[in-house]
Number of protein chains: 2
Amino acid sequence: MEETDQAIIAALTVDGRLSYTDLAEKVGLSVSAVHQRVRRLEQRGVIKGYAAQVSFEALDLPLTAFVAIRPFDPSQPDDAPERLAHLPEIDSCYSVAGEDFYLLLLRVAGPADLERVLQEIRTSANVTTRTTVVLSTPYEHRAPKVTLDPANQHRLRGVSAE
Amino acid sequence: MEETDQAIIAALTVDGRLSYTDLAEKVGLSVSAVHQRVRRLEQRGVIKGYAAQVSFEALDLPLTAFVAIRPFDPSQPDDAPERLAHLPEIDSCYSVAGEDFYLLLLRVAGPADLERVLQEIRTSANVTTRTTVVLSTPYEHRAPKVTLDPANQHRLRGVSAE
DNA sequence: CTTGAAAACACGACTCG
DNA sequence: CGAGTCGTGTTTTCAAG
């Protein structure tokens, strides 16, 4: 039961375009049964969606950088994420514990583009920045260890998504 | 031309399971024309693949953390990424400029799990760790600004993927 | 969860600018 | 050479058991 859902999720994280036919064969179930389970996983929010994985190099965004930010004036309201959301170069924004307030992940075209985006970040959110340039990426976005334990089912009770 | 490919990529990064019929309608082209373009984008490596986006909370991995590592003994060969690859809790590994050697992105079940993984990282790669816990994630993995400029086409010449 | 059947889709061959 | 049409095999999707 649980094990089948795990197998489905594991397969779809590797290849999100698998047909239900192939998926059924992979997990040893009928096509409709698999279809039902996938729909339930989607509705419960376990599967949030499907996305094409694009090469950032091909998109002319070969430079990745982490930018730690903290407010220039900590007494003012902290709405940095909203203020920065309009910058398409920001891939992710994490609120973090530690010395910094947020950690941003940037994808830019090169050093000049990085400089421009950093200036926009500083002026848009009134923050100071500390940048860490990524030299290479040994691996990224690996498939997680899939474990749908019963305890987790409780947490999802009544939570609807989609 | 270029613009159509950009529209295709933008659409597929948002919904990777779009049918060619829907995709054709979205970009204003015939079905087979879109089909051809998608296949070319896949073969050129612009589209690297498709993946289901899974909720880490639903997978019982609600805690995200960044771990900066540097070797305990910098004179020894640096093969940390390979030594750490067996840990499924490591989502990504970035080689970075700056004080640290690598930046890891972890997805774990909770503080106890984090402690265990940190110990495994230290012993597996003989490194010291500096951990930044993520408190919340305002946004993550946003769709990049898509621009397939001609200059980029040259870089892809002769590069085959898939 | 399975079966089965209808609609939609994928994907090649073919034709037209 | 890229775009559109056609036709067949596959896949999706729903209803019933």
Side-chain angles (χ1 to χ4, degrees), chain A residues 1-55 58-59 146-150 152-153 156 160-162, chain B residues 1-54 58 146-162:
Chain A
M1 316 281 156
E2 230 53 69
E3 204 172 298
T4 309
D5 280 341
Q6 292 175 19
I8 289 173
I9 290 172
L12 286 180
T13 51
V14 173
D15 183 359
R17 290 210 94 168
L18 267 181
S19 73
Y20 293 114
T21 309
D22 292 347
L23 198 53
E25 192 177 342
K26 225 176 246 278
V27 304
L29 230 61
S30 76
V31 173
S32 324
V34 167
H35 192 264
Q36 234 173 67
R37 280 169 179 270
V38 171
R39 279 165 62 103
R40 267 175 43 207
L41 287 171
E42 288 170 353
Q43 284 177 352
R44 288 197 309 190
V46 178
I47 295 175
K48 290 190 293 184
Y50 304 86
Q53 301 170 310
V54 179
S55 158
L59 291 184
V146 178
T147 48
L148 283 171
D149 60 339
N152 186 39
Q153 303 306 317
L156 289 171
S160 75
E162 162 87 10
Chain B
M1 314 276 159
E2 231 53 69
E3 204 173 298
T4 308
D5 280 342
Q6 293 175 18
I8 289 172
I9 290 172
L12 287 179
T13 51
V14 172
D15 183 358
R17 291 209 93 168
L18 268 180
S19 72
Y20 293 113
T21 308
D22 291 347
L23 197 54
E25 193 177 341
K26 225 177 245 279
V27 305
L29 229 61
S30 75
V31 174
S32 36
V34 167
H35 195 273
Q36 243 174 61
R37 280 169 179 271
V38 171
R39 283 171 77 88
R40 270 174 35 204
L41 286 170
E42 288 171 353
Q43 285 177 352
R44 288 196 307 187
V46 177
I47 294 176
K48 290 190 294 186
Y50 303 87
Q53 300 169 311
V54 179
V146 179
T147 48
L148 282 170
D149 60 339
N152 185 39
Q153 303 305 318
H154 290 95
R155 255 176 266 155
L156 290 170
R157 279 272 162 80
V159 177
S160 75
E162 164 92 3

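Computed from a prediction, not measured in an experiment: that's the story for all the values here. Every heavy atom of this structure was used, including side-chain atoms; hydrogens, water molecules and symmetry mates were not.
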Practice problem: Could you grab the distance from atom NE2 of A:H35 to atom CG of A:L29, nearest 0.5 Å is fine? | Solution: 13.5 Å
Exercise. Give, for atom CG of A:L23 and atom CG of A:L18, the distance between the pair rounded to the nearest 0.5 Å.
Key: 6.0 Å
Quiz item: A:L29 CG to C:dC1 P: how many Å, rounded?
Solution: 6 Å
Exercise. Look up atom OH in B:Y50 and atom CG in B:D15, then write down how far apart they are to the nearest 0.5 Å.
Key: 11.0 Å
Exercise. Nearest 0.5 Å please: distance from the CG atom of B:L12 over to the NZ atom of B:K26.
Key: 10.0 Å
Self-check item: Straight-line distance of A:S55 OG to B:I9 CD1, nearest 0.5 Å
Solution: 9.5 Å
Quiz item: Which heavy-atom pair separates B:A51 from A:Q53 by the least distance, and what is that distance?
Solution: CB-NE2, 3.6 Å
Quiz prompt | Net bend of the helix from C:dC1-D:dG17 to C:dG17-D:dC1, end axes of five pairs each, nearest 10 degrees | solution = 30°
Practice problem: Would you mind reading off the distance between A:L23 atom CG and D:dT10 atom P, rounded to a whole angstrom? | Solution: 19 Å
Quiz item: How does protein contact run along nucleotides 12-17 of chain D, one letter per nucleotide 5' to 3', with B for base contact, S for sugar-phosphate only, - for none, heavy atoms under 4.0 Å?
Solution: BBB---
Quiz item: Atom CD of B:E3 and atom P of D:dA3: how far apart are they, to the nearest Å?
Solution: 13 Å
Self-check item: Residue pair B:T13 / B:A10: nearest heavy atoms and the distance that separates them
Solution: OG1-O, 2.8 Å
Quiz prompt | Inter-residue atom distance B:I8.CD1 - B:R40.CZ, 0.5 Å rounding | solution = 9.0 Å
